[in-house]
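Below: the structure, in structure tokens.
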Amino acid sequence: MSLIVILTGAGVSAESGVDTFRDQGGIWSRYDLREVATPEGFAANPTLVHEFYNDRREQMKAVEPNAAHRALALLEHRYKGEVLTITQNIDDLHERAGTKNLIHMHGELSKVFCIRCSNRLAWDGALSAFDNCPTCGHAGCLRPDVVWFGESPYHMDIIEEALNRASLFLSIGTSGSVYPAAMFVEEAARTGARTVELNLEPSEISELFDERIKGPATKIVPAFVESILAAD
Ligand code: OAD
């Protein structure tokens with residue numbers, strides 16, 4: 001059965017109102033990523049890190065999936081083969097649009113992880129350095145269940161296997177500046193996948209793709225999905 005692997009980044013959620021990282025005025029122009037997105041930053045100032053992710057959790061609740069998220073969910077449901085969506089995003093917009101076969105390789109804002117008992121659990125409100133873990137009862141041991149710089153992304157075994165089997169690899173709304181996600185196009189191409197980048201502007205790794213489609217995700221993703229389904 002043919003497999004489409006889709007990698008998404010912040011650009012797919014931009015038109016829902018979620019901030020991207022490296023565009024002008026993006027998150028990393030306002031925050032020092034070493035302070036808010038590394039284990040060392042968390043150890044030095046957990047309150048700052050909690051505030052950063054609490055703000056982003058609130059922002060996520062205020063936004064809705066857009067036409068690009070919905071088109072990708074439709075592709076998963078209608079395509080005769082298999083579709084796996086891998087997102088670097090920690091928002092929940094793909095699942096709210098209806099995508100089921102989804103990997104959050106950089107974790108999820110809607111979950112926390114206990115560094116004492118290793119339990120993961122759903123978390124809806126603000127998180128602080130003083131909250132008790134509902135599972136082990138200890139205080140001060142919960143962190144956002146997100147992957148920080150210097151940590152390994154989640155589910156890399158499943159991702160590698162899928163990239164080796166993919167017939168089509170799509171990269172949508174990502175700058176291609178963070179590894180290992182930036183290497184996925186080469187891995188998929190090595191085993192024969194057609195590779196397509198859909199992005200507002202050429203990314204840092206655009207030349208690695210067979211095809212590039214330029215434009216806002218809410219326009220180019222639905223049109224591309226329609227073309228795949230028409231040929232299916
Ligand atoms: P970036 O902010 O690096 O890149 C967003 C990309 O989306 C850029 O290439 C934009 O041109 C494009 N873009 C912006 N608006 C768009 C739109 N409306 N339609 C289509 N494309 C659009 O975000 P990511 O590539 O997702 O990791 O960043 C990767 C990782 O770096 C994130 O997961 C996060 C960050 O640091 C961690 O925090 C570990």
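Computed from a predicted model, the values in this text were never measured in an experiment. The basis for the numbers below is simple: all heavy atoms, side chains too, and nothing from hydrogens, waters or symmetry mates. Note that ligands are numbered from 1 as they come in the structure, with each ligand's atoms numbered from 1 the same way.
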- prompt: Quick one: does Ala68 get a heavy atom under 4.0 Å from ligand 1?
  reply: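 False for this residue.
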May I ask you to check whether [X] has an N/O atom sitting below 3.5 Å from an N/O atom of ligand 1?
{"X": "Ser175", "result": "yes"}
{"X": "Leu200", "result": "yes"}
{"X": "Trp28", "result": "yes"}

task: Considering heavy atoms of the protein only, find what lies nearest to atom 16 (C) of ligand 1 and give residue, atom and distance to 0.1 Å.
output: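 Of every protein heavy atom, Gly11 O, 3.6 Å lies nearest to atom 16 (C) of ligand 1.
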field: For atom 10 (C) of ligand 1, the protein heavy atom that lies nearest, with its residue and separation
entry: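 The protein heavy atom lying closest is Asp23 OD1, 3.4 Å.
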message: If hydrophobic clusters are built from ILVMFWY residues whose side chains come within less than 4.5 Å, do Met156 and Val185 share one?
response: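 In one cluster: yes.
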query: For ligand 1, is any non-hydrogen atom under 4.0 Å from Gln88's backbone (N, CA, C, O), its side chain (CB onward), both, or neither?
result: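 Contact part for Gln88 vs ligand 1: both backbone and side chain.
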query: Aromatic rings His69 and His94: how do their planes relate, parallel, tilted or perpendicular, breaks at 30° and 60°?
result: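 Correct class here is perpendicular.
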- prompt: Below 4.0 angstrom, N of the basic side chain to O of the carboxylate: do Arg190 and Glu187 qualify?
  reply: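 Looking at Glu187 together with Arg190, the answer is no, because their closest N to O distance does not fall below 4.0 Å.
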query: Looking only at side chains, do Asp210 and Thr195 share a donor and an acceptor under 3.5 Å apart?
result: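 Per modelled atom types, Asp210 and Thr195 side chains form a pair under 3.5 Å.
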task: Indicate whether any N or O donor in one side chain lies under 3.5 Å from an N or O acceptor in the other, for Gln88 and Thr174.
output: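 Looking only at side-chain atoms, Thr174 and Gln88 do form a donor-acceptor pair, the distance falling under 3.5 Å.
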